[in-house]
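Values in this document were obtained by computation on a predicted structure and should not be read as measured data.
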Amino acid sequence: MALQNNIVNEQTKLNYKYEPFIPPINFEEALNQAEKILSQMSLDEKILFVGGHNFFFIKGFEQYRIPQLYLADATSGVHIRKELSGLMEKSVAFPNPLALAATWNIELANQFAKCIGEECRIGDVAILLGPGMNIYRNSQCGRNFEYFGEDPFLAARMIENYVTGMQSTGTIATLKHFLVNNHEWHRRTTNVIIDERTLHEIYLPAFKAGIDAGAMAVMTSYNLVNGEWAGQSKKVIADLLKSKLGFKWLVMSDWWSTWDPEKTIKSGLDLEMPGDILNNSTFKKTGDITIKHNAKRLINESKVSEEDINRMAKNILCTIISMGLNKRPITGDKCIKNFPTHEKIALQTARESIVLLKNRNNILPINKNTKILLTGEFVEKIPFGGGSAAVEGYNHVLMIDSLKSEFGDNIEYIKDPSIDKIKEASIILLSTGTMDSEGWDRKFELPEKLEQQVKKISSLNKNTIVIINSGSGIKMIDWVENTAAILYAWYPGQTGYIALAEILSGKVNPSGKLPMTIEKNFEDSPAFGYIPQGENINTNWDDDFNVSFPIHNVEYKEGVFVGYRWYDSKKIEPLFYFGEGLSFTTFIYDNLNISKSIISGENIIAVDFTITNSGKTDGAEIAQLYISDIESSVPRPTKELKGFVKVFLKAGESKKVNITLTKKDFAFWDINLEDWKVEPGEFEICVGASSNDIRLTSKILFG
C-alpha cells in the first residue's frame, strides 16, 4: 500500500515561532509621507478618498502618485470579477478555510495564503478581503465555511500564519468581520448582546493574533454589537480595535453596512465601502446616507470636522505607503509561473483536511478489486460556498473522474439506483452535503430529498460509505448508525476529489480532525433559539437588505461556553467531538513530562511526551493539549485547548514532541482588572487525540 508521506513541513513542536510581518516602510515614515500628501489634498478630494470607488476600489489620485487600488474577495482563493479587472484569467479554487483549519497545520496555512497572495499580485489585487475569522458558534451559519472553527486558540494559530503568508507577497490581508458576526440570518438587523469576558476569551483572540502578525486591514461586520452597528460604533472601532487591541492600519466597513454618516465618521472607521448606494428599496427609504454625500453638510453644521476626515484619509494613505503600494506595480507577473505550486498546495490541503469520522470494521481503505456502486449529490459537480467567497477555479476534477482514475472499471455510477442494485452492491459510495452561502443560514438538517436518500440507502446496505461535502456540521443522528464509514470532505476546491480517491484507496492515510463539534440535534447548541419564534430560517438577498425588518436581539447567554466548552459544561454528548478524526493506523501516547510542577511569576512551562505509531501504516497524528483549572472564582470551561502538534510517523516509529506554555495559557479575562488573570491553585494538563480522548494527564500548581 502506498502511503502518505508528504505532510507539508511537518512540525513536532508548537514552540515554532512565526515571524510577524514587517512592512517595507515603517509606520512613522509612512505617516510622515501621508501627512505631506494630505496637506496638498483639497477637502473634496479627501472626502472622495474615504469612500470607496467603483464598488471594489480605493480611489487613486495620479497627481499625488496614489494608484487606484483593487480589493478582492476572499479567503479560499481570488474571486474574479472580470467586469472590474481583466488582468486575471484564472485563480485556483482552494479547499474552504474550515477545511484548512481541519488540517491543524499552521505552516500549510502560511503556504496556502502565500499562494493566494501571489495570485492577487497576478490579478492587480492590492487588498484581499480575508481571512475571515468569525468563531463557529452556530452550525446553521451560512458563512462557517469561510472561517476557522469554534476554538479561539486553533483559529488564532491558523490566522497568524495565514496573515504572514499573504502579506509576504505584498498583498494586504483583511481581518474580518469585526465583530461577532456569527450567523447570517438577517445579519444587518441582528443586535448581538455580549459581555466583555466572552469577547476577550472567545471572539477576539483570532483578531488579536492577526493584528500581532502584522495584518494591515480590518473589515467591520454588518450586525449591531450591544446596540450599535459595528461599522459606525466608536466602542467597537476606536475603543476596542484601535485602542485596546492596538490596531493602527486601515479599517474599512463591509459593503453597505453603515447607516449614519455622522457616527461613521466619528467611529474610527477609515474607509466606507463601497462608498455609493444601490438602487434598491432599502436606499429609496433611507436616501443617500454615504459619507461622500454628507460629509460637507456635516462639517458645515459643525457635527464633524475636517480633522475627522483628515484622520480617515491619513490612515488609508499611511497603510498604502507603508506597504509600498504607491512605489511599485501592484501586479507581479512573475507569479504566473507559480500556478502549478498553488495547485499542489490546494491538493495537499484537501489531503490533510478530510476527516474520517467512522470506519466500521475497517471497511476503509477499499481494495481496488472491489466492485463499488457510486451515487449521490456531488458526483458530477463540485460543491462550493456561495456569495463573495465563491471561487470558480479551473482544471476541475469531478468525483466520478477521480474515482474512475483510482478504481477503474470497478466503479459503477448510477444516479438513481434501484432497491435491488442498492442491496446487492458490495460497497456503496454515497455523496451528500449542502451548498452554504453568505447572506442566509441553512437548516442543520440535510435538504429533505438528500436526507431521505441517505436514510434509504444506508438502511438497505450496511456497507454504505457516506461522503459529506459541506461548509458546516450537519444532522446525522437519524442515519449514522446504519453507515459503515463517514468521510467529511468539506468544499474540496478544484482538485480535492483526487485526495478523496487517494484516501478511499489507501494511498493517503487521513489525518484531518474536526475544528468544530458536530451536535446530534441543533436544539443541543448554545445558538438554538436565535431565530425568533414563527420566523422562517430561509432568506435571500432581498431579505438580507431588508433593514426595515425589526432589530432582533441575540444574547450570547452561554458566555465563554462555546463549542466543546458548552457540551462539556452541560454534559451534553455530541455526535462527533471537537478534535476528533480517525486514521488507518493507531497511536500510543506516553512519557508525559512537565518541566516544572510548581509555577510562579512569568515562567515558561515545557511539556513533552512521546507518540508512537503502533500500527502497520504510516500516518500523521494531531496531538492536542488542554488545560483545566481545578478550582476558580469564576465559571471556567472544563478544559481549553492551549497547544497542538501535528507529527508524521512511519509504522512503528516513535517521536518525542513538545509544547511550550506561558502564564497567559492558564489565565481568564478579569472584568474588574480589564486584563488577563491567573489565580493561584491547581491546574491539570491533559494531552490526547481529541477533546474527548484524553490519553495523558498531570497536575501543576501555580503559587
Side-chain angles (χ1 to χ4, degrees), residues 27-28 30-69 71 126-127 172 174 178 216-220 228-243 247-277 286-323 325-326:
F27 180 79
E28 290 73 19
L31 193 61
N32 288 335
Q33 293 185 35
E35 288 174 340
K36 290 178 182 178
I37 295 172
L38 194 66
S39 68
Q40 302 172 55
M41 296 177 75
S42 69
L43 176 58
D44 286 340
E45 288 172 333
K46 288 181 285 191
I47 290 172
L48 287 174
F49 193 49
V50 301
H53 174 68
N54 195 19
F55 290 97
F56 280 91
F57 292 85
I58 297 174
K59 184 173 176 58
F61 292 91
E62 188 176 344
Q63 65 271 38
Y64 307 123
R65 298 183 180 177
I66 299 298
Q68 173 177 274
L69 300 178
L71 290 65
I127 301 174
I172 290 176
T174 305
F178 197 79
M216 298 185 73
V218 169
M219 181 192 294
T220 56
E228 182 59 84
W229 276 282
Q232 60 187 46
S233 170
K234 183 177 181 295
K235 287 184 178 179
V236 168
I237 303 171
D239 298 347
L240 181 56
L241 177 60
K242 292 189 172 182
S243 180
F247 185 70
K248 59 187 179 182
W249 304 106
L250 168 64
V251 182
M252 72 181 78
S253 70
D254 207 336
W255 274 232
W256 303 289
S257 65
T258 53
W259 307 101
D260 184 322
E262 180 182 348
K263 287 183 177 180
T264 302
I265 291 168
K266 290 181 175 180
S267 67
L269 192 81
D270 304 314
L271 177 65
E272 183 183 56
M273 292 301 295
D276 295 293
I277 62 171
T286 63
D288 192 333
I289 53 176
T290 61
I291 290 175
K292 281 183 187 177
H293 294 94
N294 288 275
K296 266 197 167 180
R297 172 183 62 80
L298 292 169
I299 291 171
N300 291 334
E301 294 173 357
S302 300
K303 292 180 177 178
V304 303
S305 67
E306 185 170 352
E307 187 53 39
D308 292 323
I309 303 298
N310 289 344
R311 178 202 58 76
M312 299 173 74
K314 188 191 302 182
N315 255 21
I316 300 170
L317 284 169
C318 188
T319 303
I320 291 170
I321 293 165
S322 188
M323 186 55 105
L325 298 178
N326 61 325

* Side-chain (Trp256) to main-chain (Gly275) donor-acceptor, under 3.5 angstrom -> no
* Distance (rounded to the nearest 0.5 Å) between Leu317 CG and Lys36 NZ -> 13.5 Å
* Asked: Between Leu241 and Val251, what is the shortest heavy-atom contact and its length?
  -> CD2-CG2, 3.7 Å
* **Smallest separation among heavy atoms of Ala30 and Cys318, with atom names** => CB-O, 3.6 Å
* Asked: Below 4.5 Å, heavy atoms only, C-beta onward: do Met323 and Met216 meet side chain to side chain?
  -> yes
* **Main-chain N/O of Trp259 paired with Gln232 side-chain donor or acceptor, under 3.5 Å** => yes
* Exercise: identify the closest heavy-atom pair between Ile172 and Ala217 -> CG2-CB, 3.8 Å
* **Phe49 CZ to Ser42 OG distance, which is reported to the nearest 0.5 Å** => 12.5 Å
* Structure fact -> When every non-hydrogen atom of Gly268 is compared with those of Ala238, the smallest separation belongs to CA-CB, 4.4 Å
* Between atom CE of Met273 and atom CG of Leu71, what is the distance when rounded to the nearest 0.5 Å? -> 5.5 Å
* Asked: Taking side chain as C-beta onward, heavy atoms only, is Asn326 less than 4.5 Å from Arg65?
  -> no
* Nearest heavy-atom pair of Gly52 and Lys292: which atoms, and what distance? -> O-NZ, 2.6 Å
* For Glu228 and Val236, run side-chain contact (heavy atoms from CB on, under 4.5 Å): C-alpha distance rounded to whole Å, both residues' side-chain angles, the deciding distance at 0.1 Å, then the answer. => CA-CA 9 Å; Glu228 182 59 84; Val236 168; over 6 Å; no
* How long is the span from the CD1 atom in Ile58 to the CD1 atom in Ile66, to the nearest 0.5 Å? -> 10.0 Å
* Asked: Which value, rounded to the nearest 0.5 Å, describes the distance between Ile291 atom CD1 and Thr258 atom OG1?
  -> 6.5 Å
* So, for Ile265 and Ile309, which heavy atoms are closest and what is the spacing to 0.1 Å? -> CD1-CD1, 4.1 Å
* Asked: Would you say Ser253 and Thr264 make side-chain contact, with heavy atoms under 4.5 Å?
  -> no
* Just by distance, with hydrogens left out, do Arg297 and Asn294 show a side-chain donor and acceptor under 3.5 Å apart? -> yes
* Between Arg311 and Asp270, is a salt bridge (Lys or Arg N to Asp or Glu O under 4.0 Å) present by the stated rule, with each step listed? -> CA-CA 8 Å; Arg311 178 202 58 76; Asp270 304 314; 2.9 Å; yes
* Under 3.5 Å: donor-acceptor pair, side chain of Lys46, backbone of Lys314 -> no
* Asked: Has the side chain of Ser233 got a donor or acceptor atom that lies under 3.5 Å from a matching backbone atom of Ala230?
  -> no
* Tell me, do Phe61 and Ile37 make a side-chain contact under 4.5 Å, heavy atoms counted? -> no
* To do: Could you label the plane-to-plane angle of the His53 and Phe57 rings as parallel, tilted or perpendicular, counting under 30° as parallel and over 60° as perpendicular?
  => perpendicular
* Side-chain (Asn315) to main-chain (Met312) donor-acceptor, under 3.5 angstrom -> no
* Asked: Is the distance between the ring centroids of Phe55 and Trp255 under 6.0 Å?
  -> no
* Hey, does Glu301 have a side-chain heavy atom less than 4.5 Å from the side chain of Glu262? -> no
* **Student check: side-chain heavy atoms of Thr290 and Asp276 closer than 4.5 Å** => no
* **Main-chain N/O of Lys263 paired with Asp260 side-chain donor or acceptor, under 3.5 Å** => yes
* Asked: Quick one: CD1 on Ile127 to CG on Leu69, what's the gap to the nearest 0.5 Å?
  -> 6.0 Å
* Glu272 vs Val50 side-chain heavy atoms within contact, under 4.5 Å -> no
* Asked: Short question: side chain of Thr319, backbone of Leu250 - any donor-acceptor pair under 3.5 Å?
  -> yes
* Asked: Taking everything shown except Glu62 itself, do over 12 heavy atoms lie less than 6.0 Å from its CD?
  -> no
